[in-house]
Each structure stands twice: as structure tokens, then as C-alpha cells.
Protein chains: 2
Amino acid sequence: MTELAELPATPGTARTQGRPRSSRAHEAILEAVLDLLEEGITVEALSMEAIAARAGVGKATIYRRWAGKDELLLETLIKLKGPPTQPLGDSVRADLIRLISVVGHKDERAVRVMPCLMPEVSRSPEAYRIWQEAITEPRREVMRDVLRRGVASGELRADLDLEVTVSMLISPLLLHRMTRWNPRLDEVDDLPAQIVDVVLRGVAA
Amino acid sequence: MTELAELPATPGTARTQGRPRSSRAHEAILEAVLDLLEEGITVEALSMEAIAARAGVGKATIYRRWAGKDELLLETLIKLKGPPTQPLGDSVRADLIRLISVVGHKDERAVRVMPCLMPEVSRSPEAYRIWQEAITEPRREVMRDVLRRGVASGELRADLDLEVTVSMLISPLLLHRMTRWNPRLDEVDDLPAQIVDVVLRGVAA
DNA sequence: GGATTCCGATACGGTTCCGTTCCGTATCGG
DNA sequence: CCGATACGGAACGGAACCGTATCGGAATCC
């Protein structure tokens, strides 16, 4: 059983001697965390032993890389969410539909993991801050820009409240994907388009 | 099961001899559960020992009443959420504002407890069913009725989708109270009225 | 070849929680 | 008063998990 050649898993800390850390083990650990969260395990109930077992890895291999569960989770979340979807610059309507349509579709896994993270975000100010800065705020800003375009073109009301409008656009989709608050929405056709059309008519100039 | 002569009642009610169960202990246990959930403990991490300690009660006193954590939680939730707020029958606008304004205000505690319950709801079909039947669906139905009134009066579009409209009205408030998805909404004046006005204009006849 | 580090696996003592079973006491019905 | 049951509290054996240590073997550099 010869393992493949491994790349240094943590660039920056230049190790010159000894066996390099296995990037395969590194990936397997992060995947295992997402795997378990996806199954509905909360952050609190997520055990290092379960992670190690799922990844097919010794616990020491985890502790060699991260000081504890918090550090491991942070790296996992950064991996989970990439940069926000960008608008294409067509019409305001088309861009808004595009932005809210990707909620829970670009990455099916992210939407299953999020509910398990929410209790942590509710309780810990630090977790809330990271969640805001890394996940929600960048996405809101993209949507604000599209709305500003609409205001500048005279298409939308000049005194429109960007925060309220952004929330009205994204909240129904977000709540539905994360909690399935109303199961009947599953059967609605073109939900993103319907939402955008009602809001745009509501805030039209 | 030889007590068929007794009236069907909650377990324990049929006893006629000995010291009666303390309703004070009963209440203290339910309060302790809400107390702990309110602090951000998830259902998974909620321990019977912590509940007993918080309630100032022996564990046996809990197990005498409920078979396990699930049964205890079910009764706690039923206590937490009373019947939905009812509309007053004024204008459609006033009723909708009234209905969405109570989100997280009528019972501050409920809104802090909900995020801790969501992972359980995501994972367990049974928990999801109970949550839907006992909490979300009755509240949606109240709001649908108000919208139907608006359609009947010609105030609202006849082909309006009730499910989408209900979701658009309630989701921004619900998401904000449960997750504080956008902290800037804290500083918005009259958020419920703003939401209702945009939606009503969007679905006006 | 030798030194060094990582690998997966296993074991350790310590902690928390489970659900049950005892206490000695308190409080009811008859 | 007596019998029955509930009370708060303490302790039990068992399970899960923590973070660390140690093992023999594998991979890489010097």
C-alpha cells in the first residue's frame, strides 16, 4: 500500500524534514465535518471521535492540524461558502431573480448545514460576527448594488429603503430553503420571479 | 391496564391514593426547559440533569411524569406557543400589520427558543410535522383569511397566490427575529408597515 | 542509511450524562 | 393514625467523548 505523493497541507509553515502532512487526510476531515453536519448533527453534538471515524483518520491527525473543534469548524465554513453569485448586469429584474434563485441551489449541502449552525450563531457573538462578515453581508451588498442601479435609472422609487427591500427579496427563499417553513411553496412555479415581480411593483417609481 | 373504568386523562391523573404530584414541580420543570433553551442550548445538548438542577427537582420527579426527553419537549412546546393572534377585522392593511408585528414580540422567549429547535425540525420528520401542525400552519391560515377578504373586496388581485404572499409578508420578520440575518433592520422604523405597504402595492388589483 | 515527522489505531484517566434505584421526609386519602 | 405515593437528593453502572500518549509502520529529506 503505497500512498500517493502528498502536497504540503499547510503552506507557509515550511517543513523541511520528516513525512509531510497528508492533504488527503486534511480533505477527508473537512468532508467528514460537512458530512455529519449535513445529517443534522448540531455543532454542539458534533464529536471529534465521530469526525475521525467518518474521515477514517486518527484523532491525533485532527489535533495535529487544529487546536480544537472551533478552529476546525471555522476552516470548514470558509470552504463551504465561496464568493457570492455576481449579477450579469442585464435588467434589474433579471439580476434580482438570478441572485435569489441560487439560494439553496448552487450548493445543496450548504442549505442543509446552515440550520445546524444557527444555534451557535444565536448564542456566540463571535460566531455571529463571522457569519455576518463572511456569509450574509457580502451577499446583501451585491443585491444592494443591483437595487441602486434601479434607483439611478429611475426605475425604482428614490426613497426606497435598501435594507428592507433586500430582506423582502431574499427572506422568503432563505426561510423556505433553510426551514421549509411553508411546504406548499414546494409546488409553486417560478417562485423567485413571483417574489421579484411583487416587490418591484411595490417599490416602482 | 386494568383502569379502564377511569376517564381517559393524562398519565398519573388516575391515582387516588398517596401524595398527589406537585403541580409546582411540574411547572418548574417546564420552565427550566424553556429557560435552558432560551440560553441557546440545543435540543441535542439539553440534558435531563441540567433540567433537574435548574428546576430544583430530582431526576426521578421528571421521569415519573415523562418517559424521556422527547415527551417532555413536546409538552413544553405546546405550552410555549398558544393560539395564533387573531385579526381585528379592520382594514386588510391594519390586520396584516398586526399579524406580522407580533412575531417575536408577543413572546420574546419563543423567538429565542426557536433557533435551538430548528436542527431537530430539519432532521426529524416527526418533529417537522408537529412544528407544522401546531405552530406554522395555524398562523398561515389566519393570514390567508385576511388576504381572502382583500381579494373578495376587490382590493387585491384576484389571481394572487396566497402561499407566496403569506411567505413574503411573514418571512422578513421571522428571519430577522430568529437569526438577526440583517442587523441593520434593527434601526428601521415601522418595519412591519413598510413590508405590508410594499407587498400590498405589489399585489393590488 | 539515518533522522524526522506523519500515518491510523488503540488505550488512558477524567468528565458528563444516561436512566434507575435507593434514601429519609412530606403530604395526601381513608 | 395508617398506608400509599411524591418529594428532593444522592449514588449507581454504563456509555460517550474529551484531549493526550504511545504504538509500529510509512514517507520524505539530508
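Quick note on labels: first sequence line is chain A, next is B, and so on, each numbered from 1.
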query: For A:Ser22 and C:dC6, is the shortest distance between a side-chain N/O and OP1 or OP2 below 4.0 Å?
result: no
Between [atom2] of [N] and [atom1] of [X], the distance in whole Å:
X: B:Lys69; N: C:dC18; atom1: NZ; atom2: C1'; answer: 10 Å
X: B:Ile41; N: C:dC17; atom1: CD1; atom2: P; answer: 9 Å
X: A:Tyr63; N: C:dC7; atom1: OH; atom2: C1'; answer: 18 Å
X: A:Arg65; N: D:dG19; atom1: CZ; atom2: P; answer: 17 Å
X: B:Glu49; N: C:dC18; atom1: CD; atom2: P; answer: 6 Å
X: B:Glu44; N: C:dT16; atom1: CD; atom2: C1'; answer: 16 Å
X: B:Leu46; N: C:dG19; atom1: CG; atom2: P; answer: 12 Å
X: B:Ile51; N: C:dG19; atom1: CD1; atom2: C1'; answer: 13 Å

message: Using the side-chain heavy atoms of A:Lys59, tell me which of these nucleotides is nearest: D:dG19, D:dG8, D:dA6.
response: D:dG19
task: State which of C:dC17, D:dC17, C:dG8 makes the closest approach to the side chain of A:Val57.
output: C:dG8
- prompt: For A:Glu137, which residues count as a salt bridge (Lys or Arg N to Asp or Glu O under 4.0 Å) partner, sequence neighbours excluded?
  reply: A:Arg140, A:Arg144, B:Arg184
- prompt: Is the shortest distance from a Lys or Arg side-chain nitrogen in B:Arg24 or B:Glu31 to a carboxylate oxygen in the other one below 4.0 Å?
  reply: no
query: Is any side-chain heavy atom of B:Glu44 less than 4.5 Å from a side-chain heavy atom of A:Ile41?
result: yes
- line: Here the gap from A:Leu156 atom CG to A:Arg149 atom CZ, rounded to the nearest 0.5 Å, amounts to 10.0 Å
Separation between CG of A:Leu191 and OG of A:Ser101, rounded to the nearest 0.5 Å: 8.5 Å
field: Residue whose closest nucleotide on DNA chain C lies nearer the 5' end, B:Arg64 versus B:Gly18
entry: B:Arg64
message: Can you work out whether B:Ala60 or B:Pro20 has the more 5'-proximal nearest nucleotide on DNA chain C?
response: B:Ala60
- request: Determine the contact category for B:Gly56: base if any of its heavy atoms lies under 4.0 Å from a base atom, sugar-phosphate if only primed atoms, P, OP1 or OP2 are that close, otherwise nothing.
  value: sugar-phosphate
field: Complementary nucleotide for C:dC18 - Watson-Crick or wobble, under 3.5 Å
entry: D:dG13
- prompt: Does any nucleotide pair with C:dG29 by Watson-Crick or G-U wobble geometry, both distances under 3.5 Å, and what is it?
  reply: D:dC2
message: Under 3.5 Å, is there any donor-acceptor pair linking the side chain of B:Arg19 to the base of C:dC28?
response: no
